[in-house]
Trainee: 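Dumping the structure here so I can ask a few things about it.
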Amino acid sequence: MRRLWIGLGILAAVAGIGYALFDQYKYHIPGILSRWRDPIAAHHPVVWTPGPTTVAAGKRPPNIIVILADDMGHNDISLFGGGVAGGAVPTPNIDSIGRQGASFDAGYAANATCSPSRAAIMTGRYPTRFGFEFTAVPVVFARAVSRGERADVNGRPGAIFHEERTKGLIDYPDMGVPPGEITIADLLRSNGYHTMQIGKWHLGEAKPLQPNGQGFDEALGFLAGGGMFMPQDDPGVVNAKLPWDPIDRFLWPNLPYAVQWNGGQRFAPTGHLTDYWTDNAVAAIKANRNRPFFLYLAYNAPHTPLQATKADYDALPQIKDHTTRVYGAMIRQLDRGIGRVLQTLKDQGIDDNTLVIFTSDNGGAWYTGLADSNAPFRGFKATYFEGGLRVPFLLRWPGRIAPGTRLPGPAHHLDIFATAAAAAGVPVPGDRPTDGVSLLASAGLGTGGGTGATGVPHERLFWRSGDNKVVRDGAWKLQIAAKPNAAWLYDLSTDPTERRNLAAAQPARVAAMRAMIAAHDRDATRKPLWPALIEAPIRIDVPLNTPWKPGQEYVYWSN
């Protein structure tokens, strides 16, 4: 009997150790399976298809470059007097796009998370028109993140995972922009442009939904929501892990250090991805200097995982907080890369015939632990407060947009499609509603002098993600939510940072604006192509690493 008890004890101990190891390393399983199913080949160079050796006779349409940052907050650049760590990380190259062209005080993302924003940029339409309401995430990711955000005894609300919604769910690779939509790349390619995509896609992984199936002649990047910037153990990298963030805990063991060329097998890039994207953007511009081209350059910086080059990290010794320093180093590197892109346009003699648009997919993220990315605005990524929606929005076109043009806006991601079409002299397709406007026309730009820029691009704008819905009507902004059941009404002309909620004081205005939202839901929204699998509480005024305190304002975000 004694031997039996000893044997049972050993078995229990082994089982306990096994469970502990499984619990510790279960986050690694998706990455292991992915590498097994889709191996990563060794690095090989990319050769961009060269254009003609000489410029064709006649007037040439302008080149168009859209540069998109990932999770960059309004205050992460120094153009408006801010910058990371109180201005310790200037962004002269990004700033130059606005200083040598136009900047909008109110530049808006189409959504407070990345996939729907990117869908709006590509199509010029509210993504709810074609059912692209939520950011596409794998079930295993949503389940893992929800388990990492549980309610606690201090009154902190927990995340909700909708297991019942996984039944009948379309496959993750099929979550993307439907092939029937017309993208900027479709439009420009059909009018003589060579179209190229570099960087993050996150608009579908199935073949018809990949960049090459959506109008791009050439595409280099990754299809999913993210990737490692460098191998974690590379001697040239400095990592900043975020132990308070369940998303970060999932990313490190699972994201690959890999890219794809025209939808082929994944292979290893070289160096830090931000530099790799820049190197290829420079090469793509040089290869196409003699023909009109469209380049969609979608950096994944400064999205997590936070990884900087050691050289950029060492250049910021004045920043004492390690996470802030890594983040600042990533911004520094991104700015340098964009400077190289701009300089290449000058070196190739095509600077004055190139429209450059710069923006971010949404505001800075709450989970980085950095409180000031969106200052002075309230809110973060995954909220519809201004901090989640206000993004840098800059346009540069030498000779067409007067230097230093500063406009109130609101400008919106929806406008990029129409602006590109107007610059190219291509009519917007008339067989489906488009929701953006040409910023060249509506703001009085592109006329040579840049004067008389008094037009307002939009009188009314809408945002929606599940039960979170917003309308901006003139300067008035109403946000409604179900968790908590609340309404926030602000007059942005007198309260741009949303400090005084006027909903209780102005019930008639709230009712009228609710009716606007209902009409938009009816006219510009279809059933989502896939449901939100997770709802998570996002505090409006403090980042994720701040201890929970009762009474803090929060809103649940559907994803």
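No hydrogens, no waters, no symmetry mates; every other heavy atom, side chains included, goes into these values. The first residue in the sequence is number 1, and the count goes up from there.
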Trainee: Using 4.0 Å as the upper bound for N to carboxylate O, is an ion pair formed by R340 and D279?
Mentor: yes
Trainee: For L68, is there any backbone N or O sitting under 3.5 Å from a side-chain donor or acceptor partner on K200?
Mentor: no
Trainee: With ring centroids as reference points, do Y172 and W530 lie under 6.0 angstrom apart?
Mentor: no
Trainee: Between the main-chain N or O of E386 and the side-chain N or O of E498, is there a donor-acceptor pair closer than 3.5 Å?
Mentor: yes
Trainee: Tell me, do H520 and R460 make a side-chain contact under 4.5 Å, heavy atoms counted?
Mentor: no
Trainee: Enumerate donor-acceptor pairs with a distance under 3.5 Å from any side-chain N or O in residues 295-305 to protein atoms, sequence neighbours excluded.
Mentor:
{"residue": "Y299", "atom": "OH", "partner": "T278", "partner atom": "OG1", "Å": "2.7"}
{"residue": "N300", "atom": "OD1", "partner": "W277", "partner atom": "NE1", "Å": "2.8"}

Trainee: Short question: side chain of D372, backbone of N75 - any donor-acceptor pair under 3.5 Å?
Mentor: no
Trainee: Can you confirm whether M122 sits close enough to Q214 that some side-chain heavy atom of one is under 4.5 Å from a side-chain heavy atom of the other?
Mentor: no
Trainee: Could you tell me whether K381 and D70 have a side-chain N and a carboxylate O separated by less than 4.0 Å?
Mentor: no
Trainee: Are H194 and F293 an aromatic pair by the rule of ring centers under 6.0 Å?
Mentor: no
Trainee: Throw together a table of side-chain donor-acceptor distances under 3.5 angstrom for residues 82-94, partners on residues two or more places apart or in other chains.
Mentor:
{"residue": "T91", "atom": "OG1", "partner": "S78", "partner atom": "N", "Å": "2.9"}
{"residue": "T91", "atom": "OG1", "partner": "S78", "partner atom": "OG", "Å": "3.1"}
{"residue": "T91", "atom": "OG1", "partner": "D95", "partner atom": "OD1", "Å": "2.9"}
{"residue": "N93", "atom": "ND2", "partner": "D335", "partner atom": "O", "Å": "3.2"}
{"residue": "N93", "atom": "ND2", "partner": "D335", "partner atom": "OD2", "Å": "2.9"}

Trainee: Given R332, which of D312, D76, D275 fulfils the salt bridge (Lys or Arg N to Asp or Glu O under 4.0 Å) condition?
Mentor: D312
Trainee: State which residues pass salt bridge (Lys or Arg N to Asp or Glu O under 4.0 Å) with R291; sequence neighbours excluded, sorted by chain then number.
Mentor: none
Trainee: Are I64 and T419 packed together at the side-chain level, in the sense that at least one heavy-atom pair is separated by less than 4.5 angstrom?
Mentor: no
Trainee: Give a yes or no answer on whether the side chain of S360 reaches the backbone of M72 with a donor-acceptor pair at less than 3.5 Å.
Mentor: yes
Trainee: More than 12 heavy atoms of other residues, nucleotides or ligands under 6.0 Å from NZ of K346: yes or no?
Mentor: yes
Trainee: Answer yes if the side chains of W48 and N280 hold a donor-acceptor pair under 3.5 Å, and no otherwise.
Mentor: yes
Trainee: Checking N353 side chain against I350 main chain: does a donor-acceptor pair fall under 3.5 Å?
Mentor: no
Trainee: Under 3.5 Å, is there a donor-acceptor pair linking the side chains of N111 and S117?
Mentor: no
